[in-house]
Each structure stands twice: as structure tokens, then as C-alpha cells.
Number of protein chains: 2
Amino acid sequence: MIESGDTKTRILDTAERLFGLKGYENTSLRDITAEAQVNLAAVNYHFHTKDALLDAVIARRVGPVNKRRLDMLDAAGPDPTVEQILTAFLEPVLDIGLESAVPLVGRILSSPDLFLDRVYKRHFLVVSERFRAAMIRALPGAPVDSILWGLLFTVGAMTHMMALSRILPEITAGVCSMTDRPSIVARAVDFLAAGFRAAVHKELICAG
Amino acid sequence: MIESGDTKTRILDTAERLFGLKGYENTSLRDITAEAQVNLAAVNYHFHTKDALLDAVIARRVGPVNKRRLDMLDAAGPDPTVEQILTAFLEPVLDIGLESAVPLVGRILSSPDLFLDRVYKRHFLVVSERFRAAMIRALPGAPVDSILWGLLFTVGAMTHMMALSRILPEITAGVCSMTDRPSIVARAVDFLAAGFRAAVHKELICAG
DNA sequence: GTCTATAACGGGATAGAC
DNA sequence: GTCTATCCCGTTATAGAC
């Protein structure tokens with residue numbers, strides 16, 4: 001597992017993989033520099049602190065993913081379906097490196113402080129707003145709180161399979177795995193779209 | 001925030017709260033003993049290591065929760081509905097302390113190593129098997145992999161709202177919060193049940 | 001830009017008196 | 001059971017030579 005590229009890229013690649021594998025706190029800069037075959041002081045030279053290194057690792061992935069999400073949402077036209085919205089949200093993030101970026105993002109999104117300060121406030125506000133608005137348009141009559149809870153369940157399902165991707169086969173007797181990405185996206189989209197629609201039906205029944 | 005009870009209980013209560021608030025690695029034994037107003041060495045006397053303290057904190061919650069889950073599943077009779085199964089799975093775990101146990105369990109379940117070694121293998125195998133079997137009975141015709149993915153999405157939705165419970169109002173402009181537990185259970189059950197049923201319908205359509 | 005060496009600190013764990 | 005004092009280790013970060 002020898003990383004390629006210049007020193008800075010090797011540090012980023014290795015940090016991403018180890019942060020995803022063992023978590024931020026359980027990964028020392030010595031672990032990273034040893035595997036990346038660079039000097040310990042190079043981290044502080046290129047990134048100043050371990051904290052800033054994590055920011056750099058996150059930003060390198062989250063920016064492009066959110067751009068792809070918005071592009072896919074735009075490409076679906078002015079009135080995307082629930083399925084198109086969910087696909088635009090899920091597909092880009094599941095399409096990043098399975099061995100490194102996927103577990104890392106899973107960890108980040110399930111950690112309240114990291115998520116709030118380093119992802120939500122910096123990278124996620126506009127995406128969140130766009131997808132919320134699109135879902136409200138796609139589900140006329142659905143109360144806003146149902147939409148928000150649905151998006152929360154969506155992020156939860158997505159985050160959990162990313163966080164547990166490495167041990168998925170072990171806890172499902174080999175049935176589930178993250179390798180066949182397109183089929184997983186389709187499966188999740190069907191499951192979640194039905195959940196969103198159930199909230200609308202319930203509302204209509206109660207109102208009528 | 002002064003904990004009550006004897007030394008051992010005070011340590012357990014404080015550790016649970018701080019592990020949930022900041023995470024295991026970011027909480028030192030000095031943090032715990034200072035807040036619990038006990039001596040540092042008392043931790044090692046009562047629990048031997050920090051690692052074993054975490055096990056004790058987890059076991060104290062997970063055991064009773066899983067017992068209640070199985071009791072509720074049994075109480076639903078020999079052929080529980082999808083909704084009854086999901087309620088039996090979600091309600092007990094959302095009924096533990098909102099300020100301490102809920103965030104902690106959220107963190108544990110989203111951390112692959114902790115989940116696998118300390119929860120799944122020790123406390124979760126029988127529960128997992130019982131709920132899997134019940135769901136297969138409740139959804140005749142559904143392929144097993146759909147059931148397993150559905151349970152994964154269920155655990156993901158549950159885990160995520162527990163892990164982010166503290167910041168939920170902040171990221172939803174005050175719309176979502178974990179305080180009204182019964183309505184959250186009902187909402188999640190409706191959403192997830194629709195997802196499970198969608199997998200069956202899809203299968204029947206393709207087969208027919 | 002890259003390296004060696006080291007400073008400065010906080011952590012878990014323990015010995016031994018009471 | 002409880003406390004004080006301390007050991008010993010790994011960590012991040014930096015100083016300064018090359």
C-alpha cells in the first residue's frame with residue numbers, strides 16, 4: 001500500500017485512509033508519516049496542525065461531491081421526482097473511494113461536533129437548502145417536518161452503510177456489501193422514496 | 001450536574017454522559033473523576049482499565065434495551081406486523097436517557113470496531129436473528145437481501161438521530177428534536193415500514 | 001523543502017500509605 | 001475502599017541544521 005505522488009498528496013491519501021480505518025483520534029501523525037513514507041515534520045510544514053490536516057482531507061472530498069450533487073439535481077430539470085432527488089443526493093457520495101473516503105465520511109457524519117463544525121456549516125448549507133426545496137416541490141401536500149425527518153432518515157441510512165462498509169459482509173453473513181454501488185443506490189432510493197411518499201399519504205388521509 | 005449514588009455508580013453515570021458528549025477518546029479519566037467528584041484511582045479500582053469502564057457503561061444499557069425489545073416482540077404475538085416489529089426494535093432504545101445514553105449509543109453504533117466487538121458479538125446476535133426472522137415472516141415473498149438492507153437502513157436512521165440528537169434543532173431550524181419520543185417512534189416506523197413494503201411490491205411486479 | 005532531535009504536555013496506570 | 005504521589009509512555013509541535 002505505497003502511496004504515490006508528491007509529499008503533500010501522499011500525506012492526504014494516507015491520512016484519509018487511516019482516519020477512515022481507525023478514526024481521527026486513534027491515528028497518530030507518526031502512523032501517517034510512516035505509511036506515507038514521509039518525514040514527521042512534513043505534516044506540520046504542509047498543513048500546520050493535525051487538526052488542519054483533517055480539514056484538508058475533508059474539503060478535498062466534500063467539495064466535489066456536493067458539486068456533483070447539485071449538477072445532477074440541475075440536470076434532472078425544474079421538477080425532479082423523489083427518485084431523481086434521492087439519486088442525486090446519494091450517488092455522488094457513494095462514488096468516492098470505498099477503502100478510504102467512504103469510511104471516513106461515514107465517521108465524520110456520525111460525529112456531531114465534526115459534522116456540525118467542519119461539514120454542515122462550511123460545505124453543506126446550500127446543498128441542504130436546495131435538496132430540501134426540491135423535495136418539498138416533489139411532494140406537494142407533505143408537511144415540512146415530515147420532509148425534514150425523511151431527509152434525516154436518508155442521511156442516516158447513507159451514513160450508516162458508509163461507516164460500517166468494512167464490516168458489512170461480516171454482520172450480514174456475506175449478503176450485504178458495498179461493492180456493487182449502482183444496485184445499492186437503486187435499492188436505497190426505492191426504500192427511501194417509499195418512506196417519503198408514506199408521509200404524504202398519511203397526511204392526505206388525515207386531512208380528508 | 002452533580003451525580004448521586006455510590007462511587008461506582010457516579011463513575012458510570014459520568015462516564016456515560018461524557019463519552020456520549022465528547023466521545024471515548026476525547027474523554028480522559030481525569031475529566032470523569034473530576035466531574036463525578038471521585039478520586040482518579042477509584043476508576044482503576046472499580047473497573048481496572050478505561051477500556052473495561054467503557055464495556056461496563058455499554059453493558060448497563062444494552063442488556064436491558066435488548067431484553068425489552070424481545071419482550072415487546074413476544075408480546076406482539078406469533079405473527080407481528082412490520083409496524084409492530086419496527087416499534088419493538090426502536091422504542092426501547094429511544095427510551096433511554098436523552099442527555100447521556102442516547103448520544104453514547106449513537107456514537108458506539110456508528111463506530112465500526114466498537115460496534116462489532118463490543119455490541120454486535122456480545123449483545124446483538126440473538127436480537128438480530130429474532131428480528132430478521134420476524135421480518136421475513138411478516139413480508140412473505142420478500143427476498144432476504146432486501147430484508148437485510150432494510151434492517152441496515154433502519155439501524156442507520158435510528159443511529160443517526162441518536163448520534164446527532166444534541167444538534168438536531170440546530171441543523172433543522174428548530175423543526176426536529178428528540179424530545180417527543182412517542183411521535184418520533186411513530187414517524188420512523190411509518191417511514192421505514194413503507195420502505196420495507198416497497199421491496200416486496202417491486203419483487204412481485206418483477207416476478208409477475 | 002526536507003530532515004534530526006527534542007521540547008512540552010497530557011494520558012493511563014500503579015505503588016503503597018491510610 | 002479511598003487517597004496521594006508518581007511513573008512511564010505516546011503525542012503534537014517546533015527549533016535549527018542541511
Side-chain angles (χ1 to χ4, degrees), chain A residues 1-60 100 103-104 107-108 111 113-114 117-118, chain B residues 1-60 100 103-104 107-108 111 113-114 117-118:
Chain A
M1 187 71 72
I2 295 171
E3 313 286 342
S4 57
D6 60 9
T7 298
K8 197 169 174 176
T9 306
R10 289 228 303 280
I11 294 172
L12 277 174
D13 290 343
T14 310
E16 177 176 273
R17 192 161 46 79
L18 293 182
F19 288 164
L21 186 65
K22 309 193 295 177
Y24 175 74
E25 295 89 351
N26 296 320
T27 304
S28 68
L29 294 181
R30 286 177 168 91
D31 292 339
I32 296 169
T33 53
E35 288 218 14
Q37 294 177 312
V38 302
N39 189 274
L40 177 60
V43 174
N44 297 93
Y45 176 77
H46 285 288
F47 300 97
H48 193 45
T49 64
K50 185 187 178 187
D51 200 75
L53 170 60
L54 177 61
D55 281 338
V57 169
I58 292 174
R60 188 173 66 145
S100 51
L104 175 65
R107 278 184 194 271
I108 303 289
S111 174
D113 299 314
L114 288 180
D117 296 336
R118 314 214 189 199
Chain B
M1 187 72 73
I2 295 171
E3 313 287 341
S4 56
D6 60 8
T7 299
K8 198 168 174 178
T9 305
R10 289 229 301 281
I11 293 171
L12 278 173
D13 289 343
T14 310
E16 176 176 273
R17 191 160 47 79
L18 293 182
F19 287 164
L21 186 64
K22 309 193 296 179
Y24 175 74
E25 296 88 351
N26 296 321
T27 303
S28 69
L29 294 181
R30 288 173 171 84
D31 291 339
I32 295 169
T33 53
E35 288 219 13
Q37 294 177 312
V38 301
N39 190 275
L40 175 59
V43 175
N44 298 94
Y45 176 77
H46 286 288
F47 300 97
H48 193 46
T49 65
K50 186 188 179 188
D51 202 74
L53 170 60
L54 178 62
D55 281 338
V57 169
I58 293 173
R60 188 173 64 144
S100 52
L104 174 65
R107 277 185 196 271
I108 303 289
S111 175
D113 298 315
L114 289 180
D117 296 336
R118 314 213 189 200

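Chain naming here is simple, since letters A, B, ... match the order of the sequence lines and numbering starts at 1 in each.
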Show each protein N/O and nucleotides 13-18 of chain D N/O combination with a separation under 3.5 Å, one pair to a line.
residue: D:dA13; atom: OP2; partner: A:Lys50; partner atom: N; Å: 3.0

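- Taking atom CZ on B:Phe47 and atom P on C:dA13, their separation rounds to 13 Å, with Å as the unit.
- Rounded to whole Å, atom P of C:dT2 lies 8 Å from atom CD1 of A:Ile11.
- Taking 4.0 angstrom as the limit, B:Ser28 places a side-chain polar atom (N or O) nearer than this to OP1 or OP2 of C:dG11.
- Here B:Thr7 pairs with B:Ile11, B:Val38, B:Ala42, B:His46 under the side chain to side chain contact (heavy atoms under 4.5 Å, CB included) rule; sequence neighbours left out.
- Scanning for side chain to side chain contact (heavy atoms under 4.5 Å, CB included) contacts around A:Asp31 gives A:Leu18, A:Lys22, A:Thr27, A:Ser28, with sequence neighbours left out.
- Scored by the side chain to side chain contact (heavy atoms under 4.5 Å, CB included) test, B:Ala15 finds B:Phe19, B:Ile32, B:Leu53, B:Val57 as partners (sequence neighbours excluded).
- A residue-by-residue look at B:Val38 and A:Asp31 shows that B:Val38 has its nearest nucleotide of DNA chain D further toward the 5' end.
- The separation between A:Asn39 atom CG and C:dA5 atom C1' is 11 Å, rounded to whole Å.
- Among residues two or more places apart in sequence or in another chain, the side chain to side chain contact (heavy atoms under 4.5 Å, CB included) test is passed with A:Asp6 by A:Lys8, A:Thr9.
- Note: CG (A:Asn26) to C1' (D:dG10) measures 13 Å, nearest angstrom.
- A:Arg30 pairs by the salt bridge (Lys or Arg N to Asp or Glu O under 4.0 Å) definition with nothing, not counting sequence neighbours.
- The distance from atom CD of A:Glu25 to atom P of C:dG12 is 13 Å, rounded to the nearest whole Å.
- Looking at B:Arg107, its side chain does come within 3.5 Å of a backbone N or O of B:Gly20 through a donor-acceptor pair.
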